[in-house]
Amino acid sequence: MPQHLDDRGRRERAHDAERRFSRIEPLLERVLTHAVRGSRIVDLRDTVSVSKARDAALAVAGREVAITNPGKVFFPGTGYTKLDLARYYAAVADGALRGISGRPIVLKRYVDGAAGEPFFQKRAPEQRPEWVETVELAFPSGRTAREIVVRDAAQLLWIVNLGCIDLNPHPVRADDLEHPDELRVDLDPGPGVGWDDVRRVTLVVRDVLDEHGLRGWPKTSGSRGMHVNVRIARRWSFDQVRRAALALAREVERRAPDLASSKWWKEERHGVFLDYNQNAKDRTVASAWSVRATHDARVSMPLEWDEVASCSPEDFTLVTAPARFRERGDASAGIDDAAGSLDGLLELSRSQEAAGLGDAPWPPHYRKQQDEPPRVAPSRQKIARTATERGGRRSTQPLITVAKAAHKPDALAGLERWKTRYPDAAGRLQEDDVLIDSMRGRSTTWTRIRINLRHVPEDARPREETPDPDYDPWSDAGPRRRAAPP
DNA sequence: GCATCCC
DNA sequence: GGGATGCAACGCACA
DNA sequence: TGTGCG
Ligand SMILES: [Mn+2]
Ligand SMILES: [Mn+2]
């Protein structure tokens with residue numbers, strides 16, 4: 001359905017029963033739009049009864065999907081409405097679905113439009129049509145959420161009506177939630193870094209991918225950066241995909257040291273940051289053909305490789321993208337035709353490791369990983385080191401928490417189970433190595449048991465695990481942790 | 001954006 | 001009917 | 001407790 005909106009907020013629609021209004025107040029337009037769509041006569045003075053206006057409905061994929069508040073301005077400054085957004089997604093549905101189909105999705109909801117404060121929603125709303133699919137997935141913590149899975153245009157428009165502007169799918173499909181089929185190269189230019197540098201780095205990414213047997217599918221992010229998606233066989237874990245992305249980032253940085261950075265800490269970055277951590281489990285990226293919450297409703301646009309050197313991201317918007325889709329199709333249309341192997345990048349990772357480059361920092365909210373370097377910005381670490389050199393006490397005892405419980409006997413039982421699991425370490429513990437603390441919670445008290453492994457040789461120290469039991473003094477019976485496998 | 005509570 | 005309200009992620013590491 | 005980071 002063709003539609004043209006100019007940059008002054010005027011709208012004209014050639015087809016469609018909708019008339020042509022110029023420079024009209026959004027509130028009044030809402031009434032008019034509804035009046036026309038509902039084929040009823042409305043007293044134009046009746047602006048008070050706006051709330052009675054009927055919802056719009058779009059017919060897609062054999063269903064009628066309701067769009068509530070269709071006339072609500074979602075992009076102030078351009079005047080594009082929620083209905084404009086829904087129609088955009090209906091027009092490019094085949095492209096947008098290629099990026100999200102079968103994947104659990106995190107809802108980023110802009111219920112007050114692009115200029116409002118968005119919120120994230122992982123758990124599918126309780127109230128939903130039976131034709132909206134969901135899947136239960138586990139976070140790294142073991143907690144779980146039932147997330148929405150979109151496979152057709154009706155399901156897509158249903159989440160658009162919830163206020164989703166950009167779409168944020170996980171890199172896995174619902175039928176295998178532990179093995180990503182997409183490695184995502186996320187190029188984030190730092191403050192003041194221009195589009196030219198983004199393009200140059202993107203082309204280096206292509207070289208490195210190519211030399212490791214992989215095909216990348218570039219797209220503008222719709223914001224200031226670029227994304228290069230890589231379809232891979234579902235054979236590697238999240239951690240492995242992340243390590244492959246880290247290896248790629250470091251190699252790109254090595255080849256373009258003035259333009260690119262693989263460093264997590266902002267104070268160490270320069271130029272374009274290659275965000276390897278976006279491949280960690282439970283992280284998502286805005287998908288192809290997503291509209292972004294920018295003032296001009298920019299779109300994350302798939303590109304041919306020969307367009308990368310010359311394209312301008314501002315050319316792709318909610319208004320211009322449908323024509324490109326009709327005329328040229330989806331530049332990523334072939335992304336599902338072949339799945340690549342991570343072997344090459346993982347070999348690169350091993351060679352980097354041999355050269356002294358191991359794992360790199362993880363984002364906040366993730367448990368400390370084996371072999372992860374200290375997760376602290378170097379500048380803050382230096383301050384501490386200086387304090388220590390001045391005579392401060394070195395505080396690091398090898399303490400691990402083994403049990404947390406509301407009642408002391410439960411915690412002690414957990415300690416006994418730990419001793420049974422690690423008899424060797426338990427045998428080396430000396431007096432005062434087991435610390436039993438009474439902790440003050442919100443309104444009650446609970447017990448924590450920690451073990452000091454100072455008398456256990458370093459290579460014989462058990463890793464810290466999730467405490468058993470793992471009482472959460474903050475929790476009020478929220479979503480529960482998934483039971484550990486037997 | 002929507003369910004729910006309440007006037 | 002409609003206004004007010006609550007709710008809608010991940011949740012650790014480190015100083 | 002504040003700050004790290006998307
Ligand atoms: Mn990005
Ligand atoms: Mn990023």
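Since we're looking at a predicted model, the values are computed, not measured. Reminder, nothing fancy here: chain letters follow the sequence lines and each chain counts from 1.
- Near DNA chain C, meaning a heavy atom under 4.0 Å from it, residues 180-191 of chain A has no residue at all.
- Atom CD of Glu117(A) and atom C1' of dG6(C) are 17 Å apart (whole Å).
- Formation of a donor-acceptor pair under 3.5 Å by the Arg151(A) side chain with backbone atoms of Leu97(A) is not found in this model.
- Across the protein-nucleic acid pair, Arg143(A) atom CZ and dC10(C) atom C1' stand 8 Å apart, rounded to whole Å.
- Comparing the C1' positions of dG11(C) and dT3(D) gives an interatomic distance of 15 Å, to the nearest angstrom.
- Side-chain nitrogen and oxygen atoms of Arg128(A) include none within less than 4.0 Å of the OP1 or OP2 phosphate oxygen of dA8(C).
- For the pair Ile148(A) CD1 and dA8(C) C1', the interatomic distance rounds to 12 Å; values are reported in whole Å.
- Judged purely by atom type and a 3.5 angstrom limit, Asn161(A) uses its side chain to pair as donor or acceptor with the backbone of Thr68(A).
- Set against dG6(D), dG11(C), dG1(B), the side chain of Phe74(A) has dG1(B) as its closest nucleotide.
- Using a 4.0 Å heavy-atom criterion, one finds that Arg269(A) contacts the sugar-phosphate atoms exclusively.
- One atom, CD of Glu136(A), and another, P of dC10(C), lie 13 Å apart when rounded to the nearest Å.
- Out of dG11(C), dC14(C), dG6(D), the shortest distance to the side chain of Gln278(A) is found at dG6(D).
- The side-chain tip of Arg243(A) does not point at the ring of Trp236(A) from less than 6.0 angstrom away and within 45° of straight on.
- The CZ atom of Phe238(A) sits 13 Å away from the C1' atom of dC10(C) (whole-angstrom rounding).
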Produce the list of close N/O pairs, under 3.5 Å, pairing protein atoms with atoms of nucleotides 2-4 of chain D; give distances to one decimal.
from   : atom 1 : to        : atom 2 : distance (Å)
dT3(D) : O4'    : Arg380(A) : NH2    : 3.3

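- When Val172(A), Asp282(A), Asn279(A) are each tested for a side chain to side chain contact (heavy atoms under 4.5 Å, CB included) with Phe238(A), only one passes: Val172(A).
- In this structure, the side chain of Arg231(A) engages the main chain of Asp181(A) through a donor-acceptor pair within 3.5 Å.
- Distance from the side chain of Arg283(A) is smallest to dG6(D) among dA9(C), dG6(D), dC12(C).
- Between the side chain of Ser290(A) and the backbone N or O of Leu167(A) there is at least one donor-acceptor pair closer than 3.5 Å.
- A donor-acceptor distance shorter than 3.5 angstrom exists from the side chain of His270(A) to the backbone of Ala260(A), with no hydrogens or angles considered.
- Legend: residues meeting salt bridge (Lys or Arg N to Asp or Glu O under 4.0 Å) with Asp152(A), ordered by chain and number and at least two apart, are absent.
- Formation of a donor-acceptor pair under 3.5 Å by the Glu372(A) side chain with backbone atoms of Lys368(A) is not found in this model.
- Donor-acceptor pairing under 3.5 Å is lacking for the side chains of Ser237(A) and Lys281(A).
- Arg234(A) and Asp175(A) are joined by a salt bridge, as a carboxylate oxygen and a charged side-chain nitrogen come within less than 4.0 angstrom of each other.
- Rounded to whole Å, atom P of dC14(C) lies 14 Å from atom CH2 of Trp362(A).
- Among the atoms of the strands shown, only primed sugar atoms or phosphate atoms (P, OP1, OP2) are found under 4.0 Å from some heavy atom of Pro374(A).
- Taking atom C1' in both dA15(C) and dG6(D), the straight-line distance is 22 Å, to the nearest Å.
- Remark: the separation of the P atoms in dA8(C) and dA3(B) is 15 Å, to the nearest Å.
- By the 4.0 Å N-to-carboxylate-O rule, Arg250(A) lies too far from Glu253(A) to be salt-bridged with it.
- Distance NZ (Lys108(A)) to C1' (dC10(C)): 14 Å, rounded to an integer number of Å.
- Remark: Lys72(A) is in phosphate contact with dG1(B), judged by side-chain N or O atoms under 4.0 Å from OP1 or OP2.
- The closest side-chain heavy-atom distance from Val111(A) to Phe119(A) is below 4.5 Å.
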Distances under 3.5 Å between nitrogen or oxygen atoms of protein and nucleotides 2-4 of chain B:
from   : atom 1 : to        : atom 2 : distance (Å)
dC2(B) : OP1    : Asn161(A) : ND2    : 3.3
dC2(B) : OP2    : Thr68(A)  : OG1    : 3.1

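- Among the protein residues, Lys368(A) comes within range of the sugar-phosphate backbone only, with heavy atoms under 4.0 Å from sugar or phosphate atoms but none that close to a base.
- At a threshold of 4.0 angstrom between heavy atoms, the contacts of Phe119(A) include nucleobase atoms, whether or not backbone atoms are also involved.
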Treat a base pair as Watson-Crick or G-U wobble with both distances under 3.5 Å, then lay out DNA chain C in dot-bracket form, 5' to 3', with | for cross-strand pairs.
-> |||||||..|.||||
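- Note: Trp362(A) and Tyr366(A) have tilted aromatic rings, judged against thresholds of 30 and 60 degrees for the angle between ring planes.
- When each of Val205(A), Leu303(A), Leu183(A), Val201(A) is checked for a side chain to side chain contact (heavy atoms under 4.5 Å, CB included) with Val228(A), only Val205(A) meets the rule.
- Applying the salt bridge (Lys or Arg N to Asp or Glu O under 4.0 Å) test to residues at least two apart or on different chains, the pairs with a partner in residues 156-172 of chain A are Asp166(A)-Arg292(A).
- Nearest to the side-chain atoms of Arg367(A) among the listed nucleotides dA9(C), dC12(C), dG11(C) stands dC12(C).
- Taking atom P on both nucleotides, dC10(C) is separated from dC5(D) by 22 Å, rounded to a whole Å.
- Going from atom CG of Asn168(A) over to atom P of dC10(C) covers 15 Å, rounded to whole Å.
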